[in-house]
Amino acid sequence: MREVAIVAYAQSPQVRQEKILNEVEMLMPVIEAALTEAAMTMNDIDFVCSGSCDYIAGGAFSFVGAVDALGATPSKMESHVEMDAAWALYESWLKIQAGEISSALIYGFGKSSVGDLPDVMSQQCDPYYLAPLWPDSISMAGLQASALLATGRYTERDFAEVVVDSRRKAKANPAAQLSGDREVEALLTAPYIASPLRRHDCCPITDGVSVLIITDKSALPKTTKKPVYIRGIDHRMEAHQLGIRTLSESGSTTQALAQAKLQAGIEQFDIAELYAPFSPQTLILKDALGLDDQVDINPSGGPLAGHIMMSAGLDRFGMSFRALQKDEVTTALAHATSGPCLQHNMVAILEAG
Amino acid sequence: MTVPDNSLLEADFELGFTYTRSPGIIIGKFLAALKQQKIYGIRANDGSVLFPPTEYDPRTAESLDDFVPLSDRGRLLYWTWIDQPRDHHQMSQSFAFAMIQLDGADVPFLHRMLADSPEHLSSGMAVKVQWAEERRGAITDIHGFVSATGG
């Protein structure tokens with residue numbers, strides 16, 4: 001296996017509504033910031049890969065327009081996934097493993113404020129059995145939360161504690177949309193929006209973009225003080241229909257973790273950045289990954305503090321990269337998800353170089 | 001350059017697919033039966049009955065074709081109460097999205113559970129299909145589920 005390192009990460013503020021800039025205008029300064037951090041120019045980038053969703057922008061092939069943010073020259077080998085940009089990172093990682101490239105710039109973007117995201121997400125469901133019922137993303141997460149409560153493993157109080165923890169940690173993240181000191185008791189008095197979920201259990205609608213740069217070890221920029229190596233990475237998918245899965249668990253996450261551990265030979269993590277857009281999913285993932293209380297979960301605040309649809313998974317890599325710049329953090333687990341109710345999951349094990 | 005007259009060229013335009021789509025032999029048969037108020041599951045390779053029918057076994061990916069007739073009754077497993085339906089839900093009052101397991105099926109599925117309030121719902125309660133008044137061969141031919149005991 002080739003050693004692949006993250007060398008830079010930049011993110012826009014995660015705002016509720018970006019009223020002026022379009023996606024290209026949002027991307028341009030963030031691409032520049034990532035290149036500056038890496039001390040690279042586009043000449044040093046072999047491959048560009050992005051993740052976004054045309055349904056959010058409401059236009060077929062809208063992702064092609066975002067390529068404008070890269071500039072007309074130098075021309076680049078380019079690809080796109082209609083998935084979270086974490087999978088754009090995975091495609092880039094594969095290309096490095098295949099020996100085709102030695103560096104890649106990955107970006108993800110989402111301007112969810114222009115539409116009604118929960119409704120838009122319902123149309124990712126199969127067109128015959130689910131989509132005609134318009135089960136929006138919040139309702140489906142509500143069903144999953146009900147399934148979790150039915151096991152007796154957790155209570156609504158546990159959901160609220162996840163939120164309190166997220167808001168508190170997000171105070172140290174200037175790009176977070178939601179942060180602050182909240183009380184569990186106060187949160188539990190809020191009304192349900194899709195029982196047993198309350199508004200605060202759900203990730204906020206967010207406009208934003210993020211950019212991450214990876215290179216093969218042989219192509220590390222000379223100025224990179226602390227590259228972060230992707231020691232293991234794997235992703236697994238479960239059946240689409242909710243009834244065929246055990247919604248209170250995440251078997252595909254456990255499978256992906258086992259494969260990532262085999263590659264990495266690393267069993268313990270200082271931090272974990274989990275893509276759990278709804279608070280109960282943090283608990284499901286924590287169990288699926290076997291994380292104990294020694295692991296600092298979502299030190300950035302996680303998706304409950306800011307959730308760029310189609311880039312929130314890539315942001316877990318980026319936030320892990322940032323945490324690993326600190327001396328006391330040497331290993332991290334980054335997780336990304338796709339599809340309703342944690343259908344598809346990626347697990348990566350990262351280590352500071 | 002001469003302009004023959006000042007009338008505008010007009011053409012009808014309807015936003016939509018310019019083709020029809022077949023749901024295939026498995027899903028198509030299931031949906032056609034729904035129109036007749038008949039409900040079928042499909043037998044997976046391990047003998048369990050899946051509802052709604054899938055073309056492929058979710059574990060082994062082998063093709064499935066053994067349809068199993070099911071009743072219009074089942075049990076409510078768990079649900080999420082939607083106090084304020086969205087426009088797209090096409091529901092005039094509060095309802096629940098629920099996981100319901102039909103009698104004779106081994107897995108639950110997602111559909112609407114209709115009740116006056118969440119207090120009327122309990123895990124394991126008996127439910128039955130409420131058919132849509134107009135059926136056109138779609139999953140929405142089942143309008144939703146209601147309590148089988150009238151509660």
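Values below: every heavy atom of this structure, side chains too, minus hydrogens, waters and symmetry copies. So that the names make sense, note that chain A is the first sequence line, chain B the second, and so on, each numbered from 1.
- Taking a 6.0 Å sphere around CD1 of B:Ile25, one finds it holds 12 or fewer heavy atoms contributed by other residues, nucleotides or ligands.
- Heavy atoms of B:Phe51 lying under 4.5 Å from chain A are absent altogether.
- The aromatic rings of B:His88 and A:Trp134 lie parallel to each other, with less than 30° between the two planes, well short of the 60° mark.
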Worked verdict on A:Asp136 versus B:His89 for side chain to side chain donor-acceptor pair (under 3.5 Å)
CA-CA 9 Å; A:Asp136 58 280; B:His89 291 156; 2.9 Å; yes
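- Residues A:Leu133 and B:Thr140 are in side-chain contact: their nearest non-hydrogen atoms beyond the backbone lie under 4.5 Å apart.
- From B:Leu77, atom CG reaches atom OG of A:Ser146 across 11.0 Å, with rounding to the nearest 0.5 Å.
- With a threshold of 4.5 angstrom between heavy atoms, B:Pro53 approaches chain A through its backbone and through its side chain.
- The choice from B:Ala138, B:Pro23, B:Ser123 that makes the most heavy-atom pairs within less than 4.5 Å of chain A is B:Pro23.
- Note: B:Pro108 leads B:Ser48, B:Ala44, B:Pro108 in heavy-atom pairs under 4.5 Å with chain A.
- Considering all non-hydrogen atoms of both residues, A:Tyr129 and B:Ile27 come closest at OH-CG1, 3.3 Å.
- Atom OH of A:Tyr55 sits in a sparse spot, with 12 or fewer heavy atoms from other residues, nucleotides or ligands closer than 6.0 Å.
- The contact between B:Gln90 and chain A is made entirely by side chain atoms (from C-beta outward), counting heavy-atom distances below 4.5 Å.
- Only the side chain of A:Asp116 comes within contact range of chain B, with at least one heavy atom under 4.5 Å from a heavy atom of that chain.
- The side-chain heavy atoms of B:Tyr78 and A:Leu149, taken from C-beta on, include no pair separated by under 4.5 Å.
- Counted within 6.0 Å of CZ on A:Arg153, heavy atoms from surrounding residues, nucleotides or ligands total more than 12; the atom is thus considered enclosed.
- Looking at heavy atoms from C-beta onward, A:Gln241 lies out of side-chain contact with B:Pro58 at the 4.5 angstrom threshold.
- With a threshold of 4.5 angstrom between heavy atoms, A:Ile138 approaches chain B through side-chain atoms but not through N, CA, C or O.
- At most 12 heavy atoms of other shown residues, nucleotides or ligands fall within 6.0 angstrom of atom CG in B:Asp87.
- Contact of the B:Thr80 side chain with the A:Leu197 side chain is not registered, since no non-hydrogen atoms from C-beta on lie closer than 4.5 Å.
- Interface remark: B:Ala98 contributes backbone atoms only to the contact with chain A (heavy atom separation under 4.5 Å).
- Within the 4.5 angstrom heavy-atom criterion, no atom of A:Tyr192 approaches chain B.
- Atom OH of A:Tyr128 is separated from atom CD1 of B:Ile26 by 13.0 Å, given to the nearest 0.5 angstrom.
- Heavy-atom minimum distance, A:Ser139 versus B:Ile82: OG-CD1, 3.2 Å.
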